[in-house]
Novice: 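Have a look at this one.
Computation of the quantities below employed the complete heavy-atom set of this structure, encompassing side-chain atoms and omitting hydrogens, waters and symmetry-equivalent molecules. Numbers for residues simply follow the sequence, beginning at 1.
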Amino acid sequence: MERPCLTKTNKPMTDKDYIEYAKAIHEEVYAMSTPMIDGMAGKVLTRIRKEQKKLFKMPEAWTSVLSNIIDVVDVMSVHAHKGRIWSEMNKGLEKILDQYIIDRYNELEAKHHLMLKYRYVGKFSLTTEVKERIYARLGAHYDTQRMQNMLERYPDLKEV
């Protein structure tokens, strides 16, 4: 089977030309899909914050003051700061994350599915990469001024 003529000379592409062309397209798709991965991580964290309020046992004092309420993501960020893996945070957390990531993937438009599939040629590791981004976001969340104020206000939060 002859390769398409994609060179300026209208000659069929050599193997080297084809490999360079495929790499260039993959790099472009990779760059275009990276913000999608970051966006998925943010959406999954927001969904956890809204739907999994009882994921961790939290003292009443943490959730009773409306202006300084501690939520699930705050507790997760403390766990992430301590270097704990998902199953150490909560036994069912990894399954919840996987499900939320797949749900979010299914909500995307078809053109985004194509880009994400091309991003992971040979090995579909979307859930792994999104979980890595979520973990990184949790670490960044821990360093925010709001979180540091919460840790000062509720010193027992460091002990989760």
Side-chain angles (χ1 to χ4, degrees), residues 19 22-160:
I19 290 169
K23 281 182 183 178
I25 289 178
H26 188 268
E27 287 172 5
E28 193 171 317
V29 167
Y30 195 87
M32 289 172 36
S33 61
T34 297
M36 275 192 283
I37 302 298
D38 290 332
M40 288 178 83
K43 297 261 185 190
V44 168
L45 273 177
T46 300
R47 186 171 173 192
I48 286 174
R49 180 178 277 130
K50 289 180 180 177
E51 297 180 8
Q52 299 295 328
K53 294 179 181 183
K54 304 286 185 202
L55 193 63
F56 300 103
K57 291 182 181 180
M58 293 187 269
E60 174 106 15
W62 293 2
T63 58
S64 63
V65 180
L66 289 177
S67 63
N68 290 313
I69 194 166
I70 293 179
D71 63 25
V72 174
V73 174
D74 296 329
V75 176
M76 288 173 65
S77 69
V78 172
H79 285 293
H81 181 73
K82 292 181 177 183
R84 294 186 179 138
I85 59 174
W86 302 118
S87 60
E88 290 176 347
M89 292 181 194
N90 182 294
K91 290 182 183 181
L93 182 58
E94 192 154 15
K95 287 182 183 178
I96 292 169
L97 287 171
D98 289 341
Q99 185 59 51
Y100 284 6
I101 292 166
I102 295 303
D103 289 349
R104 181 66 191 131
Y105 173 77
N106 290 331
E107 292 170 2
L108 294 174
E109 296 177 24
K111 65 182 178 182
H112 295 129
H113 283 229
L114 178 65
M115 277 205 294
L116 288 173
K117 285 181 181 175
Y118 195 75
R119 177 185 180 100
Y120 302 109
V121 174
K123 181 182 176 189
F124 191 75
S125 59
L126 174 69
T127 55
T128 305
E129 187 170 355
V130 173
K131 284 190 277 190
E132 288 171 0
R133 302 288 173 98
I134 290 171
Y135 204 84
R137 280 180 175 238
L138 291 172
H141 178 74
Y142 185 87
D143 295 331
T144 62
Q145 184 62 45
R146 178 194 170 277
M147 189 64 190
Q148 296 307 309
N149 290 342
M150 291 296 181
L151 291 167
E152 287 175 19
R153 183 178 195 113
Y154 305 108
D156 52 336
L157 178 57
K158 293 178 184 176
E159 306 305 318
V160 295

Novice: Residues two or more places apart in sequence or in another chain: which of them pass ring-ring contact (aromatic ring centres under 6.0 Å, His included) with His26?
Specialist: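 Listed in chain order: Tyr118.
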Novice: Rounded to the nearest 0.5 Å, what separates atom CG in Leu138 from atom NE2 in His141?
Specialist: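 Separation between the atoms: 7.5 Å.
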Novice: Would you say Ile96 and Asn90 make side-chain contact, with heavy atoms under 4.5 Å?
Specialist: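 Not in contact.
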Novice: Should Glu94 and Ile85 count as side-chain neighbours, where that means a heavy-atom distance under 4.5 Å?
Specialist: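 Result no, sub-4.5 Å side-chain heavy-atom pair not found.
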Novice: For Lys53, give me all partners under side chain to side chain contact (heavy atoms under 4.5 Å, CB included), at least two apart in sequence or on another chain.
Specialist: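 If we apply the side chain to side chain contact (heavy atoms under 4.5 Å, CB included) test to Lys53, skipping adjacent residues, there are no hits.
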Novice: For the CD atom on Glu107, are there more than 12 heavy atoms of other groups (residues, nucleotides or ligands in this structure) within a distance under 6.0 Å?
Specialist: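 Yes, because the 6.0 Å sphere around CD of Glu107 holds more than 12 heavy atoms from other groups.
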Novice: List in chain and number order the residues that pass salt bridge (charged side-chain N to carboxylate O under 4.0 Å, His left out) with Glu28, two or more places apart in sequence or in another chain; answer none if no residue qualifies.
Specialist: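 Expected list: none.
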Novice: Between Val160 and Met58, is there a side-chain heavy-atom distance shorter than 4.5 Å?
Specialist: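 The answer is no; the side chains never approach within 4.5 Å.
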Novice: Main chain of Asp38, side chain of Lys43: is a donor-acceptor contact present, judged purely on distance under 3.5 Å?
Specialist: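 Flag not set: sc Lys43 to bb Asp38 has no pair under 3.5 Å.
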Novice: Looking at side-chain heavy atoms only, is the closest gap between Trp86 and Ile134 below 4.5 Å?
Specialist: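 Yes, their side chains come closer than 4.5 Å.
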Novice: Would you check if the side chain of Thr34 reaches a backbone N or O of Tyr30 as a donor-acceptor pair within less than 3.5 Å?
Specialist: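 Yes, because the side chain of Thr34 sits within donor-acceptor range (under 3.5 Å) of the backbone of Tyr30.
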Novice: What residues, two or more places apart in sequence or in another chain, satisfy salt bridge (charged side-chain N to carboxylate O under 4.0 Å, His left out) together with Arg49?
Specialist: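 Listed in chain order: Asp71.
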Novice: Got a sec, which residues hit salt bridge (charged side-chain N to carboxylate O under 4.0 Å, His left out) with Arg119, two or more places apart in sequence or on another chain?
Specialist: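 Salt bridge (charged side-chain N to carboxylate O under 4.0 Å, His left out) check on Arg119 returns Glu129.
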Novice: Check step by step if side chain to side chain contact (heavy atoms under 4.5 Å, CB included) holds for Tyr154 and Ile70.
Specialist: CA-CA 9 Å; Tyr154 305 108; Ile70 293 179; 3.3 Å; yes
Novice: Return the set of residues passing side chain to side chain contact (heavy atoms under 4.5 Å, CB included) with Glu51 (not counting sequence neighbours), or none when no residue passes.
Specialist: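 Glu51 satisfies side chain to side chain contact (heavy atoms under 4.5 Å, CB included) with Arg47, Tyr100 only.
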Novice: Heavy atoms only: give me the nearest Gly42-Arg137 pair and the separation to one decimal.
Specialist: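 Looking at all heavy atoms of both residues, the closest pair is CA-NH1, 3.4 Å.
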Novice: Can you find a heavy atom in the side chain of Val130 that is under 4.5 Å from one in the side chain of Leu97?
Specialist: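 They are not in side-chain contact.
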Novice: Rounded to the nearest 0.5 Å, what separation is found between the CZ atom of Arg153 and the CD atom of Gln148?
Specialist: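 With rounding to 0.5 Å, CZ (Arg153) is 15.0 Å from CD (Gln148).
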Novice: Shortest non-hydrogen contact from Ile69 to Met150?
Specialist: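 The answer is O-CE, 3.7 Å.
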Novice: Does any part of the side chain of Asn149, heavy atoms only, come nearer than 4.5 Å to the side chain of Thr144, both counted from C-beta?
Specialist: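 Answer no - side chains too far apart.
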Novice: Would you say His79 and Phe56 make side-chain contact, with heavy atoms under 4.5 Å?
Specialist: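 In short, these two side chains touch, coming nearer than 4.5 Å.
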Novice: Rounded to the nearest 0.5 Å, how far apart are OG1 of Thr127 and CD of Gln99?
Specialist: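 Between atom OG1 of Thr127 and atom CD of Gln99 there are 11.0 Å.
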Novice: Starting at OG of Ser77, measure out to OH of Tyr135 and round the result to the nearest 0.5 Å.
Specialist: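 One finds 10.5 Å between OG of Ser77 and OH of Tyr135.
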Novice: Quick check against the 3.5 Å criterion: does Ser125 have a side-chain atom that pairs as donor or acceptor with the backbone of Thr128?
Specialist: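 No; judged by distance alone, with no hydrogens or angles, the pair does not exist.
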Novice: Under the side chain to side chain contact (heavy atoms under 4.5 Å, CB included) criterion, do Ile37 and Leu126 qualify, and how do the steps go?
Specialist: CA-CA 8 Å; Ile37 302 298; Leu126 174 69; 3.4 Å; yes
Novice: May I have the step-by-step check of side chain to side chain contact (heavy atoms under 4.5 Å, CB included) for Val72 and Lys54, ending in yes or no?
Specialist: CA-CA 8 Å; Val72 174; Lys54 304 286 185 202; over 6 Å; no
Novice: Which class fits the ring pair His113 and Tyr105: parallel under 30°, tilted 30 to 60°, perpendicular over 60°?
Specialist: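 Tilted.
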Novice: Going from CZ on Arg104 to CD1 on Ile102, what distance comes out if it is rounded to the nearest 0.5 angstrom?
Specialist: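 Between Arg104 CZ and Ile102 CD1, I get 12.5 Å after rounding to 0.5 Å.
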Novice: One pair to check against side chain to side chain contact (heavy atoms under 4.5 Å, CB included): Asp74 and Val78. What are the steps and the verdict?
Specialist: CA-CA 7 Å; Asp74 296 329; Val78 172; over 6 Å; no
Novice: Check Ala80 against Met89 and note the closest heavy-atom contact, atom names and distance.
Specialist: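 Reported closest heavy-atom pair: N-CE, 3.8 Å.
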Novice: Does some side-chain heavy atom of Met76 sit less than 4.5 Å from a side-chain heavy atom of Leu93?
Specialist: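 Leu93 reaches Met76 side chain to side chain.
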Novice: Identify the two heavy atoms, one from Leu151 and one from Lys158, that lie closest to each other, and give their separation to 0.1 Å.
Specialist: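 Result for this residue pair: CD2-CG, 3.6 Å.
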